[in-house]
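One is the number of the first residue; the rest follow in order along the sequence. These numbers were taken from a predicted model, which means no experiment stands behind them.
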Amino acid sequence: IIPTYNRAHTILRTINSVLNQTYKNYEIIISDDGSTDNTKQIIQEKFSGYPNIKYVYHDNRGACHARNYGATFANGEYLYFLDSDDECLPDFLMKMYQKYLSDPELGAVYCQTGIYKNKKLVAARNDHLEGNIYAQALEQGYITSPSFITMKAECFKNLSEGWDENCGPSDDDDICFKLAKNSKIGLINEILGIYNTDSGNNAMLNKKKIAYGWLQLWNKYADDTFNLCGREIIIKHYLECLTRFLKINDNDGVKQCKIKIRKYSESYFQYLSTVQSLIYSRRAKQFKKIRSKIILETKKFIKFKILRLK
């Protein structure tokens, strides 16, 4: 399932990466989220003769809706949501399928994420979680991106809302957390997909949207994180949210984070109130040059004190 919006300049690369798979028993559903460029024309011209490629168009309602809508047309036993600017390497589907066969209890499988650095494909990070990893995933704060995880269609249907259409830019973490909560997760410890950043309309470039998406995510998973990982972990995540808002001078976001932090630790609230007052006081111009240093010192304080929370 390939959700897309105004990516006529990248979608051919994405589709071709699927057509080049060594595993051939698949269908491709292109879910167009109201594109206004020539995406539809390109798909019709290039792939009208492919019986296993279906193109569906709908009004613009966001990537999560496009994924959910595309899934309603799927007939396969497994689902794979591939962003329309990313790529899967030729053995992606084959190795995913073999992983499922090796362990029937798996509900989802992911691989290492590849990115290009200095024209060389390298792992974006050292992903390592597998098994029943819900608590570990909440503590870590992520699992992977949607272009690098597959799932059994049955597991996806059992999720309460599929892709949360109100989740914002943290939708990838949300779907991974939900899968980990309900399923055993498998990991293929090699790069099988490529995360590209040349689409031109990447939501991750909007720092304010990212910050609020992150806050919304932890509001949603706060209770589970507190119960499974302890209050130090949920406080850490809210402090990370607060740091994001401090960097973009968003007072409302800072206020919301402080309310959440106060719920778990009064001493943290008092400390952070002091830091925020310093940064946003009438003398704030004097601290403009050292604002990044203040934020860095705050992070150091967090790492030092977090170990002492019980």
Note to self: Under a 3.5 Å cutoff, is there a donor and acceptor pairing between the side chains of Tyr134 and Asp224?
What the structure shows: yes

Notebook entry, point to check: Do the side chain of Gln21 and the main chain of Leu93 share a donor and acceptor less than 3.5 angstrom apart?
Noted result: yes

Checklist line | Any donor-acceptor pair under 3.5 Å from Asp83 side chain to Asp85 backbone | finding: no

Note to self: The test is salt bridge (Lys or Arg N to Asp or Glu O under 4.0 Å); show your working for Arg67 and Asp171 and say whether it passes.
What the structure shows: CA-CA 11 Å; Arg67 295 178 182 119; Asp171 53 358; 3.0 Å; yes

Next item on the list: Evaluate the side-chain proximity of Cys88 to Leu192: yes if any heavy-atom separation is below 4.5 Å, no if none is.
Entry: no

Check: Are the side chain of Lys152 and the backbone N or O of Leu106 linked by a donor-acceptor pair below 3.5 Å?
Finding: yes

Margin query: Between Tyr142 and Phe177, does the side-chain contact (heavy atoms from CB on, under 4.5 Å) criterion hold? Intermediate values first, please.
Written below: CA-CA 8 Å; Tyr142 65 89; Phe177 287 165; 5.6 Å; no

Note to self: I'd like to know if the side chain of Gln256 pairs up with that of Asp252 as donor and acceptor (distance under 3.5 Å, no hydrogens or angles considered).
What the structure shows: yes

Note to self: Just by distance, no angles: are the side chains of Tyr238 and Asn219 close enough, under 3.5 Å, to form a donor-acceptor pair?
What the structure shows: yes

Margin query: Are the side chains of Tyr57 and Ser31 in contact, using a 4.5 Å heavy-atom criterion?
Written below: no

Margin query: Just by distance, no angles: are the side chains of Gln41 and Glu45 close enough, under 3.5 Å, to form a donor-acceptor pair?
Written below: yes

Next item on the list: Would you kindly say whether His237 and Thr225 are connected by a side-chain donor-acceptor distance under 3.5 Å?
Entry: no

Check: Where do Ile115 and Ile194 land on the side-chain contact (heavy atoms from CB on, under 4.5 Å) test, with the steps shown first?
Finding: CA-CA 6 Å; Ile115 58 172; Ile194 303 172; over 6 Å; no

Check: Is the number of heavy atoms from other residues, nucleotides or ligands within 6.0 Å of NZ (Lys24) greater than 12?
Finding: yes

Check: Does the side chain of Tyr212 come under 3.5 Å of the side chain of Asp250 through a donor N or O and an acceptor N or O?
Finding: yes

Notebook entry, point to check: Would the Tyr97 and Tyr23 ring centres measure less than 6.0 Å apart?
Noted result: yes

Note to self: Is it true that, when you exclude Lys220 itself, more than 12 heavy atoms of the residues, nucleotides or ligands shown sit nearer than 6.0 Å to its NZ?
What the structure shows: yes

Next item on the list: Using the six-membered ring wherever Trp is involved, compare the ring planes of His58 and His65 and label them parallel, tilted or perpendicular (cut-offs 30° and 60°).
Entry: perpendicular

Check: Got more than 12 heavy atoms from elsewhere within 6.0 Å of OH, Tyr50?
Finding: no

Notebook entry, point to check: Do the side chains of Ile149 and Tyr80 join up, straight or via other hydrophobic residues, at under 4.5 Å, putting them in one cluster?
Noted result: no

Checklist line | Side-chain touch Lys54/Ile28, heavy atoms, less than 4.5 angstrom | finding: no

Margin query: Does Glu77 have more than 12 heavy atoms from other residues, nucleotides or ligands lying within 6.0 Å of its CD?
Written below: no

Next item on the list: Specify whether Phe226 and Tyr264 have parallel, tilted or perpendicular ring planes, treating 30° as the upper limit for parallel and 60° as the lower limit for perpendicular.
Entry: tilted

Check: Is a side-chain donor-acceptor pair under 3.5 Å present for Asp32 with Tyr55?
Finding: yes

Margin query: Checking side-chain polar atoms at under 3.5 Å, does Asn60 have a donor or acceptor matched by the opposite partner on Asp33?
Written below: yes

Checklist line | Neighbour count >12 (heavy atoms, 6.0 Å) for atom CD, Glu190 | finding: yes

Check: Any side-chain heavy atom of Cys111 within less than 4.5 Å of one from Ile191?
Finding: no

Notebook entry, point to check: With no hydrogens and no angle check, do the side chains of Ser147 and Asp86 hold a donor and an acceptor under 3.5 Å apart?
Noted result: yes

Next item on the list: Determine the sole option in Tyr78, Phe156, Tyr100 for which the side-chain contact (heavy atoms from CB on, under 4.5 Å) test with Thr150 is passed.
Entry: Tyr100

Note to self: Applying a strict under-4.5 Å side-chain criterion to I, L, V, M, F, W and Y, I'd like to know whether Leu215 and Ile261 cluster together.
What the structure shows: yes

Next item on the list: Mark yes or no for whether Glu105, through its side chain, and Ser183, through its backbone, hold a donor-acceptor pair below 3.5 Å.
Entry: no

Margin query: Side chains of Tyr221 and Lys178, heavy atoms from C-beta outward: is any pair under 4.5 Å?
Written below: yes

Checklist line | Polar side chain donor-acceptor pair, Asn6 to Thr36, under 3.5 angstrom | finding: yes

Notebook entry, point to check: Under 3.5 Å, is there a donor-acceptor pair between the side chain of Thr10 and the main chain of Ser84?
Noted result: yes

